[in-house]
Chemist: 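Attaching a single structure in structure tokens format; questions to follow.
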Amino acid sequence: SLRRVRLTRAVFSQIMRSGLPTLLRQGATSVSAALLSRVSAGFGAPVLAGMGLCARAIMPFTSAVIGFGQGFQPVAGFNYGAGKFSRVRKGFYFTWIFGTVMLGVFAMVGFFAAGTVVAWFRNDPQVIAIGIPAMRAQCLALFFVPFSVCNNMMFQSIGQSVKATFLSMIRSRLGFIPVLWILSQTIGLLGIQMSQTIADAVA
């Protein structure tokens, strides 16, 4: 019936508004990881191993912030729908500040213990020498992640899917892929090591 069709369209529209940013973010992350591996492989196996180890070492911390941001989403969505915009702002600032402090602590530890962290995964002098600058650069990038994630989660939860989708794509694709490609061609290995930090700052 016409009523069921309208209901189906409304449900599909809601799913697309809420889920599209996450879908594109995850897809862009996969594409970016594949491109990083491809570019790193062109500089040799130690570079490929070092960059891969750094990505795995950083992933638990970024995943923790994303999970914390997902906890903020129902708070933002409920209060925005109820017209309690001050609570949305308070929730945003709390999530952003807490996430920045939490990742800041991890970032400082990881920055100064980069050699030890990389050696946990693979005790190879070449890999460690390549992994230390990359690890330190990605630790600096952690300071930018909470702000980007909180904005993305907030727009996604209040129905601003276009803004949320755009923000979710900057870090993983729109910002990272051009930066990685240009810097790897111009300044080589250092460009690969710095690419994620620059992409996070842009995001």
Side-chain angles (χ1 to χ4, degrees), residues 21-69 99-100 102-149 151-152 165-203:
T22 300
L23 173 65
L24 293 179
R25 180 176 63 244
Q26 297 298 334
T29 300
S30 300
V31 172
S32 299
L35 180 62
L36 177 62
S37 297
R38 184 178 179 85
V39 173
S40 299
F43 288 81
V47 176
L48 177 61
M51 295 305 299
L53 293 178
C54 290
R56 285 195 289 272
I58 293 295
M59 187 179 297
F61 306 120
T62 56
S63 297
V65 172
I66 291 174
F68 199 67
T100 302
M102 180 179 68
L103 280 195
V105 172
F106 291 134
M108 296 302 293
V109 173
F111 185 89
F112 291 108
T116 303
V117 173
V118 175
W120 283 345
F121 293 91
R122 185 168 176 179
N123 193 13
D124 184 315
Q126 280 187 303
V127 174
I128 293 174
I130 293 168
I132 289 176
M135 181 74 181
R136 287 177 174 169
Q138 293 199 23
C139 284
L140 294 177
L142 290 178
F143 287 97
F144 301 105
V145 173
F147 186 70
S148 176
V149 169
N151 277 285
N152 183 16
T165 301
F166 177 71
L167 287 173
S168 68
M169 295 286 286
I170 292 178
R171 181 176 184 264
S172 301
R173 192 167 183 174
L174 297 179
F176 177 72
I177 292 178
V179 167
L180 174 64
W181 183 259
I182 293 171
L183 293 185
S184 65
Q185 297 296 318
T186 54
I187 59 177
L189 176 59
L190 180 61
I192 298 176
Q193 294 168 326
M194 294 174 55
S195 57
Q196 188 61 68
T197 303
I198 296 174
D200 282 324
V202 171

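Everything numeric here is computed off the predicted structure, so don't read it as measured data.
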Chemist: Closest heavy-atom contact between G131 and C54?
Modeler: O-SG, 3.2 Å
Chemist: For the residue pair V39 and F43, what are the closest heavy atoms and their distance?
Modeler: O-CD1, 3.3 Å
Chemist: To the nearest 0.5 Å, how far apart are CG in D200 and OG1 in T197?
Modeler: 6.5 Å
Chemist: Among all residues two or more places apart in sequence or in another chain, which pass the ring pair (Phe, Tyr, Trp, His ring centres under 6.0 Å) test with F111?
Modeler: none
Chemist: Could you give the distance from OG1 (T62) to CD (Q196), rounded to the nearest 0.5 Å?
Modeler: 9.0 Å
Chemist: How long is the gap from CE on M108 to CG on L142, to the nearest 0.5 Å?
Modeler: 11.5 Å
Chemist: Do any N or O atoms from the side chain of N152 and from the backbone of S148 form a donor-acceptor pair under 3.5 angstrom?
Modeler: no
Chemist: Between V127 and A49, which heavy-atom pair has the shortest distance, and what is it?
Modeler: CG2-CB, 4.0 Å
Chemist: Taking distance alone, no hydrogens or angles, what donor-acceptor pairs closer than 3.5 Å link side-chain atoms of residues 174-185 to residues at least two apart or in another chain?
Modeler:
from	atom 1	to	atom 2	distance (Å)
S184	OG	L180	O	2.8
S184	OG	W181	O	3.0

Chemist: Run the side chain to side chain contact (heavy atoms under 4.5 Å, CB included) check on C139 and I58 step by step: do they pass?
Modeler: CA-CA 8 Å; C139 284; I58 293 295; 4.3 Å; yes
Chemist: So how far is it from F61 CZ to M102 CE, rounded to the nearest 0.5 Å?
Modeler: 9.5 Å
Chemist: Over all heavy atoms of both residues, which pair between A57 and P60 is shortest? Give the atoms and the distance, please.
Modeler: O-CD, 3.4 Å
Chemist: Rounded to the nearest 0.5 Å, what separation is found between the CG atom of L189 and the CE atom of M51?
Modeler: 8.0 Å
Chemist: Report the distance from atom CD of Q138 to atom CE of M194, rounding to the nearest 0.5 Å.
Modeler: 12.5 Å
Chemist: Checking side chain to side chain contact (heavy atoms under 4.5 Å, CB included) for the pair I130/Q193: CA distance, chi angles, key distance, verdict?
Modeler: CA-CA 8 Å; I130 293 168; Q193 294 168 326; 3.9 Å; yes
Chemist: Start with the C-alpha distance between I192 and S40, add both sets of side-chain angles, then the distance that settles side chain to side chain contact (heavy atoms under 4.5 Å, CB included), and finish with yes or no.
Modeler: CA-CA 7 Å; I192 298 176; S40 299; 3.8 Å; yes
Chemist: Considering non-hydrogen atoms only, spot the tightest contact between A119 and I128 and give its length.
Modeler: CB-CD1, 3.9 Å
